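These notes concern the structure reproduced below.
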Amino acid sequence: MPPKSKNSGVVDGVVRTAKRQRKAAPKSDPESEDEAADAAPETTRNSQLLVCIPNSTLAFLRELKLNNAKEWFYAHDSEYKAARKNFVNFVRSQAALLSRTDPSVAGSATDVGASAALFRINRDIRFSADPTPYKTSLSAAISRSGKRNNVAEACYYVVVEPNGNSRFGCGVYMPPNPTLTHLRETLVSNATLKSNLVQALNSPALLALIPAPVDTEVEDPGIARLHASAVKNNLILKTAPKGFAASHPDIHLLRLKSFTLGITLTDDVVESDEFPTRCSEFFTAVAPFVLALNALLRE
């Protein structure tokens, strides 16, 4: 288990309240999805309360995977809205705890902000060979601007998906080329900001949470984890980017096309009282990395 974070006292103090939410989320049939997202939380508007994911959420997503069609989805609209409402409340409560470490995300700690942080469940199938209309997950990006803003910045991600595909993540994923070029140039030109990034990547809390890569050419433990994440997702250049020498001392950072870290979680963890605690501790541990990355992006 990862070491206790500085939020652990808050987390331990409220987890008993969260346990009362382990029963299945009640079905609701509001007039619109927006009403479901902005409705009052299932317990209270006290932002310190942890919100668990009920068993009914993964059950709905499992059934959606087996019946991924509009007719089935419309027939189970109330179940979707109940799951979405719960997930909005989960995101809001996590943003409230995270804002103590990263105040820039305070906007996501409101009902409206948390709702805006969610990704649509509808898939864009215009250019896809897969015709299924819906994602089989609930996901959100907590950030200063919210996921709907086009500003390229590092975010905190949470995905709830059955069959062991749930995950926590952070960083900036595939930024536009001008942003990526700026990030690389700032890494090279601003030694202080680069040092802050490397220091954040090597914090004991982060190293304890992110598994060390088994086979890597990178000596620095923190950079090795970032490098391994890019390799796993095929988001790394085979050679040095244009304008940089292959022998550059920071070549392992400069070759990256995304700067992201993450972990996956089993369904048992997602459906347990442990899940909100694990999420809060992950976000707190990676917050220095996200803040350092955003400082580079905004330079």
Side-chain angles (χ1 to χ4, degrees), residues 18 21-43 51-95 108 110-143 146-150 155-169 173-174 233 262 264-272 275-276 279:
Q21 298 178 355
R22 295 306 304 135
K23 59 184 179 180
K27 290 187 177 182
S28 60
D29 191 14
E31 294 182 357
S32 68
E33 183 178 271
D34 289 338
E35 288 181 2
D38 299 334
E42 295 163 352
T43 53
V51 175
C52 290
I53 301 297
N55 297 345
S56 57
T57 293
L58 282 186
F60 167 78
L61 293 171
R62 292 187 189 103
E63 287 297 315
L64 176 58
K65 187 175 181 63
L66 297 174
N67 304 276
N68 201 329
K70 291 184 177 181
E71 294 77 12
W72 184 92
F73 191 85
Y74 293 156
H76 295 79
D77 183 60
S78 61
E79 297 169 41
Y80 164 64
K81 288 178 177 177
R84 187 185 189 280
K85 173 184 174 182
N86 166 261
F87 192 60
V88 168
N89 294 336
F90 175 86
V91 171
R92 176 186 48 75
S93 66
Q94 290 295 327
S108 294
T110 66
D111 293 332
V112 174
S115 181
L118 266 64
F119 291 96
R120 288 171 52 84
I121 197 168
N122 302 74
R123 295 182 62 248
D124 184 354
I125 61 174
R126 291 175 298 174
F127 308 104
S128 175
D130 180 1
T132 52
Y134 303 108
K135 303 170 187 173
T136 56
S137 64
L138 294 173
S139 56
I142 300 174
S143 67
K147 68 95 186 172
R148 292 178 182 172
N149 195 303
N150 291 325
C155 304
Y156 306 85
Y157 299 95
V158 56
V159 180
V160 172
E161 185 174 2
N163 303 322
N165 293 315
S166 297
R167 51 202 180 273
F168 304 141
Y173 177 75
M174 294 188 67
N233 295 289
T264 58
L265 302 106
T266 65
D267 290 2
D268 288 342
V269 171
V270 175
E271 295 181 321
S272 73
F275 185 64
C279 186

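We count residues from 1, following the sequence as given. Everything numeric here is computed off the predicted structure, so don't read it as measured data.
- Annotation: salt bridge (Lys or Arg N to Asp or Glu O under 4.0 Å) contacts involving residues 129-138, sequence neighbours excluded, comprise Arg123-Asp130.
- Between the side chain of Ser272 and the backbone N or O of Val269 there is at least one donor-acceptor pair closer than 3.5 Å.
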Go through the steps for Asn89 and Arg92 under the test side-chain contact (heavy atoms from CB on, under 4.5 Å), then give the verdict. CA-CA 5 Å; Asn89 294 336; Arg92 176 186 48 75; 3.8 Å; yes
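- Contact annotation: the side chain of Asn67 never approaches that of His76 to less than 4.5 Å [non-hydrogen atoms, C-beta and beyond].
- Between Lys65 and Leu61, the closest side-chain pair of non-hydrogen atoms is not below 4.5 Å.
- Within the 4.5 Å cutoff, no side-chain heavy atoms of Tyr173 are placed close to those of Asn233.
- A donor-acceptor distance shorter than 3.5 angstrom exists from the side chain of Asn86 to the backbone of Cys52, with no hydrogens or angles considered.
- By the ring-ring contact (aromatic ring centres under 6.0 Å, His included) test, Phe60 pairs with Trp72, sequence neighbours left out.
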Starting from the C-alpha separation in whole Å, work towards a yes-or-no answer on side-chain contact (heavy atoms from CB on, under 4.5 Å) for Phe90 and Cys279. CA-CA 10 Å; Phe90 175 86; Cys279 186; 3.9 Å; yes
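- Checking side-chain atoms of Asn122 against main-chain N and O of Tyr134 turns up no donor-acceptor pair under 3.5 Å.
- In this structure, the side chains of Val91 and Tyr156 stay at 4.5 Å or more apart for every pair of heavy atoms.
- Under a 3.5 Å cut-off, the side chain of Thr266 and the backbone N or O of Gly164 do not form any donor-acceptor pair.
- Counting only distance, with no hydrogens or angles, the side chain of Asn165 and the backbone of Pro162 share a donor-acceptor pair below 3.5 Å.
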